[in-house]
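Residue indices begin at 1 and follow the sequence shown. Predicted model only: the values in this text are computed from it and were never measured.
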Amino acid sequence: MIHRTRIQELSEALVRKREFVLYWMQASQRARFNHALEYAARKADELGVPLVVGFGLYDDYPEANARHFAFMLHGLRETEAALRERGIKLAVRKRAPDEAAVEFSHRACMVVCDRGYLRHQKRWRRRVAEEADCRVLQVETDVVVPVEVASDKEEYAARTIRPRLHKHVADYLVDLEESGPERDSLDLGFNSADVSDWEAALGRLDVDRSVAPVDDYIGGTSEAGRLLAEFIDERLADYDERRNEP
């Protein structure tokens, strides 16, 4: 189930008769429990076209260094493999995310994007909405309860927003079914950067290397799942006591 309140139209351009539906992946770099991805897959099936996931690999991302990029590339490699299993092409451009999305959009029927809250992420989405000559929609997938549903004003304390969230959480904390796409996009032609080898991909980026990657923290959905399971099994029972330790 994808609530209508997760979906926001960013442009009023037409849905075009073109090659594919584009999911511009930026903030939500995962193939599991991704409302934007699943919404795009359903739209692709409605239009009778494949789904392509587009990503801009931006080595000038604000305040990022080699350690950040290594963590991200771990996850992106896993995401690419998971998408491939569903017949979905991950096309990676080595350029700013908004520039990559605009370029991909010229071949797309419509663009679906995830939501970002930082100023530069909002700026990127505004630019894509203005410059893409097809419909652009944004789907919230990184919070349980969408911000606009939770509250219509600034909240300054957890004690004020918590009851507002609890009022809606049961409606939104529901399973998200993976369905489609019915058409394979793996053979569509793209000049795409290779992220299957994260170390090689990192080596091709012009990034700050003064902060090097570490072995202790690995990116990706499977690693996140492992850490969550470990927390539930070993730490959750006495979490209140642990967090108060000096």
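A distance-only check finds a donor-acceptor pair linking the side chain of Q121 to the backbone of L118 [under 3.5 Å]. Looking at R42, its side chain never comes within 3.5 Å of a backbone N or O of P181 through a donor-acceptor pair. Within the 3.5 Å criterion, the main-chain N or O of A132 finds no donor-acceptor partner in the side chain of S105. Without hydrogens or angle criteria, D114 side chain to Q26 main chain gives a donor-acceptor distance under 3.5 Å. The main-chain N or O of A212 is found under 3.5 Å from a side-chain atom of R67 such that the two form a donor-acceptor pair. Checking side-chain atoms of S185 against main-chain N and O of P50 turns up no donor-acceptor pair under 3.5 Å. With R135 contributing its side chain and A13 its backbone, the two residues share a donor-acceptor pair below 3.5 Å. Using a distance-only test at 3.5 Å, with no hydrogens or angles considered, no donor-acceptor pair links the side chain of Q8 to the main chain of V139. In this structure a side-chain-to-backbone donor-acceptor pair under 3.5 Å is present from R183 to G48. In terms of modelled atom types and a separation under 3.5 Å, the side chain of T141 and the main chain of H35 share a donor-acceptor contact.
Applying the side-chain hydrogen bond (donor to acceptor under 3.5 Å, both in side chains) test to every pair with at least one member in residues 44-60, sequence neighbours left out, gives these pairs: K43-E46, D59-K94. Sequence neighbours left out, the pairs with a member in residues 83-92 that pass side-chain hydrogen bond (donor to acceptor under 3.5 Å, both in side chains) are E38-R86.
Seen from the ring of F190, R107 counts as a face-on cation partner, given the 6.0 Å and 45° thresholds. Figure legend: cation-pi geometry between R119 and W124 absent, as NZ or CZ is not positioned both under 6.0 Å from the six-membered ring centre and within 45° of its axis.
Looking at E230 and R235, no side-chain N of the basic residue comes within less than 4.0 Å of a carboxylate O on the acidic one, giving no salt bridge. Comment: R226 engages E223 in a salt bridge, judged by a side-chain N to carboxylate O separation of less than 4.0 angstrom. For E148 and R4, the salt-bridge test fails: no basic side-chain N is under 4.0 Å from an acidic carboxylate O.
Between the side chains of T5 and Y172, at least one donor N or O lies within less than 3.5 Å of an accepting N or O. A donor-acceptor pair shorter than 3.5 Å can be found between the side chains of E78 and S222.
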Task: Audit row: F231, Y239, ring-ring contact (aromatic ring centres under 6.0 Å, His included) steps and yes/no - done: CA-CA 9 Å; F231 174 80; Y239 177 68; 5.6 Å; yes

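Partners of D142 according to the side-chain contact (heavy atoms from CB on, under 4.5 Å) rule, which considers only residues two or more places apart in sequence or in another chain, are A27, S28, R30, E140.
Note: H68 and Y61 fail the aromatic proximity criterion, with ring centroids not under 6.0 Å apart.
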